[in-house]
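FYI, the numbering just counts along the sequence from 1.
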Amino acid sequence: VVVVDQSGSVESWVKVLRASISNTLYELRPQDYVAVVLFNKLVETILQPTLVKTLTQPKLEALLASIKPRSTTNLIGALEEAHAVCAAARHLVSPPFQRILLITDGQHNYPDPRDPIAQLKRVKDIGTVTLLQVIVGDVNPTFFSHLQSLAPGRGHEVDKVEELSDTLSRLLEPERHRLAFGITLQGVPLRHAVLTVEDQNLILPRVPFAASGTITVGGTWADRKSTR
């Protein structure tokens, strides 16, 4: 779910924002589903979960044209909406692997800016969806670090709007996690092998010789949970 800030402060770089979102959607895989949530004072899902390969050029152009900066920043309301979209779409992919991509240049200030983190903590399953944040401009990072503590994911600050498109591309690259492991084929250890998990799929290393049989992998993840 791409969550896009269209509050008044975005006006000065809205053309770059539209182009960056367009590039990002083109880089998704055909089998991915994408949804788009726009927010200022109001929050609106302008694209319900849609298979990327069915996203036509006219639909994409209409989507981008609907980004019209104005008003204040209901960021928490937008994230609540994005989580609701994710919850409703979990049946589309099994197992579900969901990400929220937040693009903003400001902090939550509507309707009540006093304790937005506490408000967001009440969202059901807040920690089950990966949150990717792209913060444009000089923004106090404290709020966003608190926000990131609620969910897995990562964030990036963009000093120049011209860097936005490249930043989005890097953030959406498949997340890879290396496993400290021992791998054997029919009891024979294999060396010089790299094992990764990419978007929750196990990527096995190439066997460096012709062989058949059962490959057993065992190791420890960063969280120290044993796997086999």
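- Both Val16 and Val158 are assigned to one and the same hydrophobic cluster, defined by single-linkage of ILVMFWY side chains at heavy-atom distances under 4.5 Å.
- If you check the side chains of Ser66 and Arg18, you find no donor sitting under 3.5 Å from an acceptor.
- The hydrophobic clustering, which links ILVMFWY residues whose side-chain heavy atoms are closer than 4.5 Å, places Ile67 and Val136 together.
- Cluster membership for Ile46 and Val10, using ILVMFWY side-chain heavy atoms within less than 4.5 angstrom, is shared.
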From CA spacing to verdict: side-chain contact (heavy atoms from CB on, under 4.5 Å), Leu64, Ile21: CA-CA 8 Å; Leu64 297 173; Ile21 294 172; 4.0 Å; yes

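- Side chains of Val37 and Val43 form a contact here, defined as non-hydrogen atoms less than 4.5 Å apart.
- A donor-acceptor contact closer than 3.5 angstrom is absent between the side chains of Asn40 and Ser7.
- Between Leu60 and Tyr26 there is a side-chain heavy-atom pair separated by less than 4.5 Å.
- Listed by first then second residue, pairs satisfying side chain to side chain donor-acceptor pair (under 3.5 Å) with a partner in residues 43-54 read Thr45-Glu81, not counting sequence neighbours.
- For the pair Arg99 and Val129, the minimum side-chain heavy-atom distance is 4.5 Å or more.
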What do the steps show when you test Val4 against Val2 for side-chain contact (heavy atoms from CB on, under 4.5 Å), and what is the final call? CA-CA 6 Å; Val4 183; Val2 184; 3.7 Å; yes

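- Ile100 places none of its side-chain heavy atoms less than 4.5 Å from the side chain of Thr130.
- Residues Leu79 and Val139 share a hydrophobic cluster, clusters being chains of Ile/Leu/Val/Met/Phe/Trp/Tyr side chains in contact below 4.5 Å.
- Under 3.5 Å, the side chains of Gln148 and Arg154 contain no donor-acceptor pair of N or O atoms.
- The structure places NE2 of His108 at 11.0 Å from CG of Leu147, a figure rounded to the nearest 0.5 Å.
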For Leu42 and Ser71, what are the C-alpha separation, side-chain angles and deciding distance, and is it a side-chain contact (heavy atoms from CB on, under 4.5 Å)? CA-CA 9 Å; Leu42 303 176; Ser71 191; over 6 Å; no

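- In this structure, CG on Leu63 lies 7.0 Å from CG on Leu25, to the nearest 0.5 angstrom.
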